[in-house]
There are 2 protein chains.
Amino acid sequence: MLSKKTKYGLKALIYLARRYDQGPILIADLAQEENIPKKFLEAILLALKNNGILQSKKGKGGGYYLARSPKLITFGQAIRIMEGPLAPVPCVSETSYAKCTECGSEETCGIRIVMKDVREAMAKILDGTTLADVLEEIDKAEETQKGVLNFCI
Amino acid sequence: MLSKKTKYGLKALIYLARRYDQGPILIADLAQEENIPKKFLEAILLALKNNGILQSKKGKGGGYYLARSPKLITFGQAIRIMEGPLAPVPCVSETSYAKCTECGSEETCGIRIVMKDVREAMAKILDGTTLADVLEEIDKAEETQKGVLNFCI
DNA sequence: TATTTAGCCTATGGATTTAATAGACTATTA
DNA sequence: TAATAGTCTATTAAATCCATAGGCTAAATA
């Protein structure tokens, strides 16, 4: 299960993506709009900034904004920063491999064999989905919803 | 990341699957062979029993054994018992759905749209992989390893 | 029936992580 | 220089994870 931290972070990224090239967005506004505790959000945005996903501007007229186009930011990148590696076990992680403590031979570990496939499947989706993709999907879903509503009326 | 609890449990299941129809296995033996704290393992096996994956026999000659053929026990079943639902967010869980707190409209939530795909991909693998499958894969991997060793010598 | 075996139950504890809040500090802009 | 808004350090409550201890209960065997 994703932590609240990660959910908040993803919500914030989607929010900022929707307002890309509208200048810096205030933490306070973002927090209020998305119902995120402001101080908690501060820490999350800072982490995203320190990892190159976001940029910020201080002082009046300041705020946060995407460091690059929504087309170039993936869910995978963001989730790894906030939640850690995608891999269910460290021994199959591509981005932060570690030997499983007390796991004898890695090549013949049943758990590892299965989790390798799981990691790959997750990575394929999350590293292949950009913020721009998500915005598009949201728009599509909203159109469909409108259709459903009209149909109901 | 999988918790130690889950890893221990999966190890135990694979161990028991390998010895299916060899009668009950002692917790103590299992714990020692697989390097799992005995008391912790007790709790894990009990949970698996209470969820229909294992059966046990008390008294002398007792122990734990699979409740049914390794072909009929999947990783998905076991992981859900020990780790909880596969779904990254409760609102896409098939086995234990719950509305995300403070998530306005479910149909147009960007996070949900992506995580739905992730859940499906994970479930496809984990619900499609039985203990018998894993034993087979382990054997295959061990054969390959032998080949590598001989080649090296 | 008595005894031993081995799983079952309750509870405790430390360590770590998660979620949230408070307050002082610093850079920037007008 | 005064106001703004991000940055940093601490603290805390709650939850979860990992592990251990000790007594209880069911079952097999002598």
Side-chain angles (χ1 to χ4, degrees), chain A residues 1-12 16 23-67 79 81-85 88-90 100-102, chain B residues 1-12 16 23-67 79 81-85 88-90 100-102:
Chain A
M1 284 282 177
L2 295 181
S3 63
K4 286 200 175 187
K5 180 180 173 184
T6 301
K7 281 198 219 170
Y8 290 158
L10 291 176
K11 278 194 176 190
L16 291 175
I25 305 287
L26 293 185
I27 294 183
D29 291 353
L30 219 173
Q32 188 166 26
E33 289 286 318
E34 296 290 339
N35 275 298
I36 303 172
K38 192 192 158 207
K39 277 291 180 180
F40 196 12
L41 183 58
E42 273 184 19
I44 297 167
L45 296 183
L46 192 56
L48 289 170
K49 179 194 166 181
N50 289 335
N51 283 276
I53 303 262
L54 296 180
Q55 286 188 358
S56 68
K57 217 181 142 185
K58 284 191 177 181
K60 190 170 185 183
Y64 272 99
Y65 51 97
L66 298 187
I79 290 178
I81 291 167
M82 296 179 291
E83 194 82 15
V89 282
C100 280
T101 48
E102 98 208 349
Chain B
M1 284 281 177
L2 294 182
S3 62
K4 285 201 177 185
K5 180 180 173 184
T6 301
K7 281 199 218 170
Y8 289 159
L10 290 175
K11 277 195 178 189
L16 292 174
I25 306 285
L26 293 184
I27 294 182
D29 290 353
L30 218 175
Q32 187 166 27
E33 289 286 319
E34 296 289 340
N35 275 300
I36 303 173
K38 193 191 158 207
K39 278 290 181 180
F40 197 12
L41 183 57
E42 271 185 21
I44 297 167
L45 296 182
L46 192 56
L48 290 170
K49 179 194 166 182
N50 289 336
N51 284 275
I53 303 263
L54 295 180
Q55 287 188 356
S56 67
K57 219 181 141 183
K58 284 190 178 184
K60 189 169 187 181
Y64 271 99
Y65 51 97
L66 298 187
I79 289 177
I81 292 167
M82 297 179 292
E83 194 82 16
V89 281
C100 280
T101 49
E102 97 208 348

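To find a chain, count down the sequence lines: A is the first, B the second, and so on, and within it residues start at 1.
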Would you mind reading off the distance between Lys5(A) atom NZ and dA20(C) atom P, rounded to a whole angstrom? 12 Å
Measure the shortest side-chain to side-chain distance between Leu16(A) and Leu30(A) over non-hydrogen atoms and say whether it is less than 4.5 angstrom. yes
What is the distance from CG of Leu46(A) to P of dA20(C), rounded to the nearest Å? 18 Å
Of Ile27(B) and Lys57(A), the one whose closest nucleotide on DNA chain C sits nearer the 5' end is Ile27(B)
For Gln55(A), does the CD atom sit with more than 12 other heavy atoms under 6.0 Å from it, leaving out its own atoms? yes
Hey, are the side chains of Glu34(B) and Tyr8(B) touching, using non-hydrogen atoms and a 4.5 Å cut-off? no
Whichever of Leu2(A) and Gly61(A) has the more 5' nearest nucleotide on DNA chain C, that residue is Leu2(A)
Glu42(A) has an atom CD; how far is it from atom P of dT4(D), in whole Å? 16 Å
Output the rounded distance in Å from CG (Asp29(A)) to C1' (dT4(D)). 13 Å
Send over the distance from Lys60(A) NZ to dA2(D) C1', rounded to a whole Å. 11 Å
Is there, by distance only and without an angle test, a donor paired with an acceptor across the side chain of Lys38(A) and the base of dG6(D) below 3.5 Å? no
Roughly how many Å is it from CD1 in Ile44(B) to P in dT20(D), rounded to a whole number? 12 Å
Within the pair Lys49(A) and dT7(D), is there a side-chain N or O less than 4.0 Å away from OP1 or OP2? yes
Lys39(A) NZ to dT11(D) P: how many Å, rounded? 15 Å
Counting side-chain heavy atoms from C-beta on, which of dA20(C), dA19(D), dA26(D) comes nearest to Pro37(B)? dA19(D)
Separation of Asn51(B) atom CG from dC8(C) atom P, in whole Å? 13 Å
At less than 4.0 Å, is any side-chain N or O atom of Ser56(B) found next to OP1 or OP2 of dA6(C)? Yes or no. no
For Lys7(B) versus Leu2(B), what's the shortest heavy-atom pair and its separation? CE-O, 4.1 Å
Should Tyr64(A) be listed as having a side-chain N or O under 4.0 Å from OP1 or OP2 of dA5(D)? no
Under 4.0 angstrom, heavy atoms only, what part of the nucleic acid is Leu45(B) near: base, sugar-phosphate, or nothing? nothing
Working for side chain to side chain contact (heavy atoms under 4.5 Å, CB included), residues Lys4(B) and Ile36(B): CA-CA 10 Å; Lys4(B) 285 201 177 185; Ile36(B) 303 173; over 6 Å; no
When you measure from the side-chain N and O atoms of Ser3(A) to the phosphate of dT17(C), is any distance below 4.0 Å, counting only OP1 and OP2? no
